[in-house]
Trainee: 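Let me give you the structure first, and then I'll get to my questions.
Each residue takes its place number in the sequence, starting with 1.
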Amino acid sequence: MNRKYNPGEIEEKWQKFWEDEKTFKVIEDTEREKYYLLEMFPYPSGKIHMGHVRNYTIGDVVARYKKMRGYNVLHPIGWDSFGMPAENAAIEHGIPPAKWTNENIDFMKKQLKRMGFSYDWDREISTCEPEYYRWEQLFFLWMYEKGLAYKKGGSVNWCPACKTVLANEQVEAGLCWRCGSEVTEKYFDQWFFRITDYVEELLDGCDKLPGWPERVLTMQRNWIGKSFGCELVFPMADSDDVIKVFTTRQDTIFGATFMLIAAEHPLVMELAKGKPVEQDVKDFVERVKKQDKMMRTSDYYEKEGVFLDAFCLNPVTEKKMPIYAANFVLADYGTGCVMAVPTHDQRDFEFAEKYGLERIVVIQNPADPLEADTMAEAYVDEGTLINSGKFDGMKNMQALEDIAEYLESIGRGRKTIEYRLRDWGISRQRYWGTPIPIINCEKCGAINRCGGISA
Ligand code: ANZ
């Protein structure tokens, strides 16, 4: 008999049967082996799309297979239902985010049900409901008690028109992606998770993930970004103050001819204060702050800076080094200051070319000797040290350790480890996110709402 598959008829019939019989409801059963299958919860954006269909079909096939093999399968579903789009929709249409979110959930739930996935719908959760997020709040309080959740002031991108904090990706050429207003910088107290306490554990973990693609592990390691180097101290030329830098290349110290400071660094305005350059420096800083952070620190962006009319001294040669504010130096990496070695760092080379700054070769290319005046780009490979006092003639990579020790011995440096990883800022959402379970009391400051930490 040639019977056609008629989904409207067959699927509806069986989906009703599964629902009436509670076929996929699970209860604990010590007799049977258990199997837990969890797929990433959908964000209730409006409608189920083909990506959902593919993803949840794969999970469903596995769940059904295991069930047929006799396992007690727990196959739950829920909604990842907090997030900015709900707030944006709320602002746009003048409706509460909860209404928008729950209407989307209702619609998408019907769609998922029509797919006939084998979920235990009795266990459905939605992360924007207090029954769910109370657990996140409890974890938060536990972390707060241990000092792993903390508050600190930090600058954020602020759209004065939307009255909202923007992520870096939401700032397009200095303008708000939503309304096109000029984005400004604002200081806010924000909450952070102290993930940097776990940086070594996170790195070790990368070695314990057999079967993970090397590409993913490399990305992870780079994100953590462990660098061995030195913190070096540069005395100011005409005061007792010092500037500290982080460098991984102390072997090039004799070639450091100028100093660069991140435009946002407070030292920039401090140094320029009261000098004829003050206004120029201020204009530069304001302009740089508006440039996209990712772009301006990329290799291809034009290197720019402004002279602060100040000098420091190279700690080994005692030569005067002009100090500049620069657009490509990051305020929140290392010390926010960089000793520039134009002969052996390409970014510094480009900067020196633009502003006519001195170049001294300190690593000689054994194959093709370098001349500072005729170099067309920085020499970034290995070689033999020259113009480096008692270290002349050593292989530069081998001298790293000796020079670090020498700088330490003259009180001009110490070995350190720097990580790229930063603590995790969690205050980006304004309203439609898990409420932080802390109130700010005028008298006692930040306090836990429950008056005590308990489950
Ligand atoms: C002098 C030098 C000479 C450097 C040279 C490199 C090559 P990683 O490996 O990523 O840790 N640096 C330090 N702080 C910085 C900041 N806040 N923003 C931008 N760059 C910064 O990189 C360490 C190197 O990055 C440091 O070593 C410093 O430049 C620069 F031939 O110091 B180097």
Side-chain angles (χ1 to χ4, degrees), residues 155-157 166-177 180-185 222 225 227 243 245-249 252 255-269 271-272 275-312 321-361 370-381 420:
S155 72
V156 292
N157 305 309
L166 300 173
N168 286 341
E169 314 82 80
Q170 295 172 333
V171 182
E172 291 166 357
L175 305 178
C176 169
W177 68 315
S181 310
E182 197 167 288
V183 174
T184 58
E185 195 187 22
N222 289 345
S227 287
I243 295 186
V245 306
F246 171 71
T247 180
T248 49
R249 295 296 307 279
T252 62
T257 50
F258 53 96
M259 174 66 67
L260 298 172
I261 308 182
E264 304 94 327
H265 199 297
L267 194 57
V268 167
M269 286 321 300
L271 289 176
K275 294 180 181 159
V277 290
E278 185 172 357
Q279 192 55 45
D280 286 351
V281 174
K282 207 168 179 179
D283 293 347
F284 173 77
V285 169
E286 288 306 314
R287 191 157 57 78
V288 169
K289 274 184 186 167
K290 286 187 195 130
Q291 291 173 353
D292 186 296
K293 239 184 219 166
M294 302 255 269
M295 288 256 291
R296 73 176 151 101
T297 50
S298 85
D299 286 349
Y300 309 103
Y301 206 74
E302 187 181 350
K303 316 286 171 286
E304 267 192 290
V306 62
F307 180 43
L308 302 180
D309 199 5
F311 294 86
C312 60
M321 298 165 62
I323 307 174
Y324 282 74
N327 63 345
F328 62 93
V329 177
L330 301 161
D332 60 356
Y333 185 64
T335 64
C337 305
V338 176
M339 67 174 209
V341 184
T343 38
H344 303 296
D345 181 286
Q346 186 55 26
R347 295 177 309 174
D348 300 346
F349 183 90
E350 288 167 33
F351 195 91
E353 279 246 295
K354 182 160 175 155
Y355 298 102
L357 299 163
E358 190 185 5
R359 299 198 295 237
I360 302 174
V361 175
L370 304 160
E371 288 284 346
D373 295 341
T374 56
M375 287 171 83
E377 57 182 3
Y379 177 71
V380 294
D381 292 329
R420 293 249 156 215

Trainee: Mind checking the NZ-CG spacing from Lys303 to Leu260? Nearest 0.5 Å is all I need.
Mentor: 11.5 Å
Trainee: Quick one: CG on Leu308 to CG on Leu267, what's the gap to the nearest 0.5 Å?
Mentor: 8.0 Å
Trainee: When rounded to the nearest 0.5 angstrom, what is the spacing between SG in Cys337 and CD1 in Ile243?
Mentor: 5.5 Å
Trainee: If you compare all heavy atoms of Arg287 against all heavy atoms of Glu304, which two are closest, and at what distance to 0.1 Å?
Mentor: NH2-OE2, 3.1 Å
Trainee: Is the closest side-chain heavy-atom distance between Arg420 and Leu330 below 4.5 Å?
Mentor: yes
Trainee: Is Thr247 close to Val341 at the side-chain level, that is, under 4.5 Å between some pair of heavy atoms?
Mentor: no
Trainee: Using 0.5 Å steps for rounding, measure from the NZ atom of Lys354 to the CD atom of Glu302.
Mentor: 3.5 Å
Trainee: Taking the side chain from His344 and the backbone from Val380, do they hold a donor-acceptor pair closer than 3.5 Å?
Mentor: no
Trainee: Provide the closest heavy-atom pair for Met375 versus Phe349 in the form atom of the first, atom of the second, distance.
Mentor: O-CZ, 3.4 Å
Trainee: Judged by atom type as modelled, is there a donor-acceptor pair below 3.5 Å linking the side chain of Gln346 to the main-chain atoms of Ala378?
Mentor: yes
Trainee: Rounded to the nearest 0.5 Å, what's the gap from CZ on Phe246 to CE on Met339? Could you check?
Mentor: 11.0 Å
Trainee: Heavy atoms only: give me the nearest Val361-Glu371 pair and the separation to one decimal.
Mentor: CG2-C, 4.3 Å
Trainee: Any side-chain to backbone donor/acceptor pair from Lys275 onto Asp309? Under 3.5 Å, distance only.
Mentor: yes
Trainee: With a 4.5 Å heavy-atom cut-off, do Met269 and Glu278 have their side chains touching?
Mentor: yes
Trainee: Locate the shortest heavy-atom distance separating Gly255 from Pro342; write the atom from each residue and the value.
Mentor: O-CD, 3.9 Å
Trainee: Indicate the atoms forming the closest heavy-atom contact of Phe258 with Ala352, along with that distance.
Mentor: CE2-CB, 3.8 Å
Trainee: Any donor and acceptor pair, going by atom type alone, linking the side chain of Asn327 with main-chain N or O of Arg296 inside 3.5 Å?
Mentor: no
Trainee: If we ignore hydrogens and angles and just use 3.5 Å, is the side chain of Thr257 paired with the main-chain N or O of Arg359 as donor and acceptor?
Mentor: no
Trainee: More than 12 heavy atoms of other residues, nucleotides or ligands under 6.0 Å from NZ of Lys282: is that the case?
Mentor: no
Trainee: Which class fits the ring pair Phe307 and Phe311: parallel under 30°, tilted 30 to 60°, perpendicular over 60°?
Mentor: perpendicular
Trainee: Quick one: are Met259 and Val245 in side-chain contact, heavy atoms under 4.5 Å?
Mentor: yes
Trainee: Describe, in one word, how the ring planes of Tyr324 and Tyr355 are oriented to each other, choosing from parallel (under 30°), tilted (30 to 60°) and perpendicular (over 60°).
Mentor: tilted
Trainee: If I compare all heavy atoms of Ser227 with all of Thr248, which pair ends up nearest, and what's the gap?
Mentor: CB-CG2, 3.9 Å
Trainee: Atom OG1 in Thr343, atom CD in Glu358: separation rounded to 0.5 Å?
Mentor: 10.0 Å
